[in-house]
Amino acid sequence: MATSKDLADLIFPDVKETTKDLDKRFPPRNLPEGAEVTRFAPSPTGFLHTGSLFTAMVAHKFAKETHGIYFFRLEDTDQKREIAGTGMDLVKQLKRFGIVADEGYCGDHEEGQYGPYVQSERGDIYKIVIKELIKKGRAYPCFCTKDDLDQLRLVQEANKVIPGYYGEYAKCRHYTIDEEIEMIKAGKPYVIRFKSKGNHLNHIKVHDEIRGDMDLTENDQDIVILKSDGLPTYHFAHLVDDHYMGTTLVTRGEEWISSLPIHIELFEAMGWKHPKYAHLPVIMINDKDTGNKRKLSKRKDPEAATSFFLKAGYPIQGFIEYLMTIANSNFEAWLMANPKGNMDDFNLSFDKFSLDGALFDLPKLNNISKELLANMDKDTFTAQAEEWAKDYDPELYGYITSDKAKFERIINIEREQEKPRKDYERFSDVTPKIRFFYNDQYDKMLKAAKLPFNEFITPEIIKAFLNDFVATLDLTHDESTWFNDMKTLGVKHGFANDRKVYKANPSQYNGWYADCISLIRIAISTSAQAPKLYDVLEILGKDEIARRINEVVATL
RNA sequence: GGCCCGAUCGACAAGCGGCUUAAGUCUUAGCCCUCUCAAGGCUACAUUCGCGGGUCCGAAUCCCGCUCGGGUCACCA
C-alpha cells in the first residue's frame, strides 16, 4: 500500500528541499522590538486603485513608525487577468505618492534578501511547502473538472446546503492514495487542495488590530492551493510568502475578513504563527443610479484610479492628507495644529480607525487641497505646478517655463502671509485665473468677450475715466497712496469717495469708488473678478496697462 | 439565501455608563467686513444618537431582537 510520501514524490519528483531548507534560506529578520514588517501586495491587473493606495499608505506608515520594513510583493498568479507592464506602473505610481518600498519588487529589479518578490518566480518555494503538506496528509490531488464542480453546486443549491468543496461533498478527499496514484499515472489532470479539518458549526475567535476580537465560523472548505497551471492561489501564497518574508502585520481591505478562517487554518496546519491582521475599511462612493453606498468601482468610477486625481491637478500631498483623514479621525485636528508639520510626526493608530467605509467626499478633498495650496510658499507651488503642467497643461507649462519670475509674481499675490489667498483647489484652476496676465491671451479674450461693465455707467463716462486713469497713472506710489489717488480720480469723474455718501444720494453720482475701480479691473483683465488691483497693475507694468486701456477705449 | 462585519448631523467623525441641554472639520444658509473676487469674522443647521425591548439610580455608550447598509460565498486577488 502506497504512503502519502509516495504520492508526494510522484507529484513533485524534483522537489528535494524541505521547509527546513527554507528556514535556512529565509532566517528571521533582525529587527528592533516592536518593529513591524508590512507589505503591499497587488496584482498587476491595471492601474493603481485609490483603495490600494490607501492600503499601501497605511502599511508604509506603520512600518515607518515602528522602524520596521515595508516591502512590495507582486501577486501575479492570475495569468488571465494580468495586464503586461502594470506591475512597473504600480511601483511608479506609488512612488509619485511618496510610497517607496524598503525592499521587494521594484519594476525592473528586486531588492532584499527574502525574494523573489514576484509570485510567479516562487514556484519552487510553493512546491516545497505543498509537498510537505501532502506528506502530512493535509493536501491532496483533486481530479474534479469544472463540470463536476458546477454539478456539485447545483445539487447543493437544490438541497439548500452550504455550497463548496468540503466534507462529504469533497469527492476527491475520499480516494485512497493508491487510487490517487493510479489516476495521476493515467494522466488525469488535477489541482492540489488543502484538506481542512474544520467544521463550519464551530466558531473561532480571531483578533483584528482594528476590529478587536472577531467571532468567525471555522473553515471547512478544501480550498485549491495549487491551480492546474502550477501557480498557487492567493490563500496559499499568502501563507507561504508572508511566513517566509517575515511579515508581522498584514494590512488589507475588509473584503478579506471572510477568508480569514482559511488563512488561520493554513497557518495552523503548517505549525506557523500567523501575522497580525488589520482589515481596513473600504472607501465607498454613492452610486449615481441607486443612491446606495458601494465600494469604489474600477469600472464605474473615475475616482477609483489614483491617476484621476493626478490628472485633475490635486497636489499629491493633499490627496495623501485626505486619505489620512479617512484612516485616522484625529489626523485632521493634528493637521490644523501643525499646518506646516511633517506627516511623519503624526502617529497612525489602529484604535482611531473607523470601522465602516468612508464615503469618498470630493468637497472635503477640495478643501484640504485648497488649504495646502494656499499655504505653500511660492517656490514649492511653482515647482509642483510645473511638474503637473508638464504632463497635463501645456499652456500653463509654457507660462512657467518661459518666464518663471513672472509666474511666481502672479501666484504670489497675497501669498506667503498670515491669511493667504485661497484661489486654487487644484493646479488645474491656475491657468484660467492667470491667463489674462499674458498679453496675447488677453488680446484674444478681449476680442471674444463682451466686457461686463456696469450698464448704468455710460460709455462716455467709462472712456473719460479710463483715459484719465492712464494719463495720471503713477505706480511709483505705494499702495495706500495709489488707492487715494484712485478715490480722487473717481471724485473728479463723478464717483463718490464714500459708500455711505453714495448710498444717501445715488442719483447724484455715477457710482462710488468701488465702481470706478471696477472699470479698471474689467478693462485690464476682461473680468469683474481678479486679485487685488494694485498687485495686478504692478505686474502688468505701466506700458502694458496703457496699451490695454487704449484697446478697450477704442472699442467703446 | 447562509455566514461575517458594521450603524451618531448632508459628508468625515468625537464620544468608551453620569462632565453631553451630543465636540470639531467639510458642505449649505444668513449676517458683518471688504475696491471685485478669494478669504476672514460671527451665526444657524441631530431635544437626539436606525427601531423596539431590557440591565441600571442613570445608556449614544452594556445586553437581546428586528431593520437597514456593506462584505463574502471561484482553479480572482
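Throughout, protein chains are lettered first and strands after them, A, B, ... in sequence-line order, and every chain is numbered starting at 1. These numbers come from a predicted model, not from an experiment.
- Across B/U34 and B/U27, the matching P atoms stand 24 Å from one another, rounded to whole Å.
- One donor-acceptor pair, N or O on each side, does fall under 3.5 Å between the base of B/U25 and the side chain of A/K364.
- To the nearest angstrom, C1' of B/U25 lies 4 Å from CD of A/E332.
- A/K160 has its NZ atom 11 Å from the C1' atom of B/G2, to the nearest Å.
- At a threshold of 4.0 angstrom between heavy atoms, the contacts of A/P232 are confined to the sugar-phosphate backbone, with no base atom among them.
- Within the 4.0 angstrom heavy-atom criterion, only backbone atoms of the sugar-phosphate kind lie near A/D215; the bases stay farther away.
- When heavy atoms are screened at a 4.0 angstrom cut-off, A/A358 is found touching the sugar-phosphate backbone but no base atom.
- Stacking of A/K298 on the aromatic ring of A/F47 is recorded, both the 6.0 Å distance cut-off and the 45° axial limit being met.
- A/T77 comes within contact range of the sugar-phosphate backbone alone, with a heavy-atom separation under 4.0 Å but no base atom that close.
- Base engagement by A/K532 is indicated by at least one non-hydrogen atom pair under 4.0 Å involving a base atom.
- When heavy atoms are screened at a 4.0 angstrom cut-off, A/S354 is found touching the sugar-phosphate backbone but no base atom.
- Using a 4.0 Å heavy-atom cutoff across all strands shown, A/V224 reaches sugar-phosphate atoms only and no base atom.
- Here the P atom of nucleotide B/C37 and the CD1 atom of A/I411 are 23 Å apart, to the nearest Å.
- Across all strands shown, A/S228 has heavy atoms under 4.0 Å from base atoms, whether or not it also approaches the sugar-phosphate.
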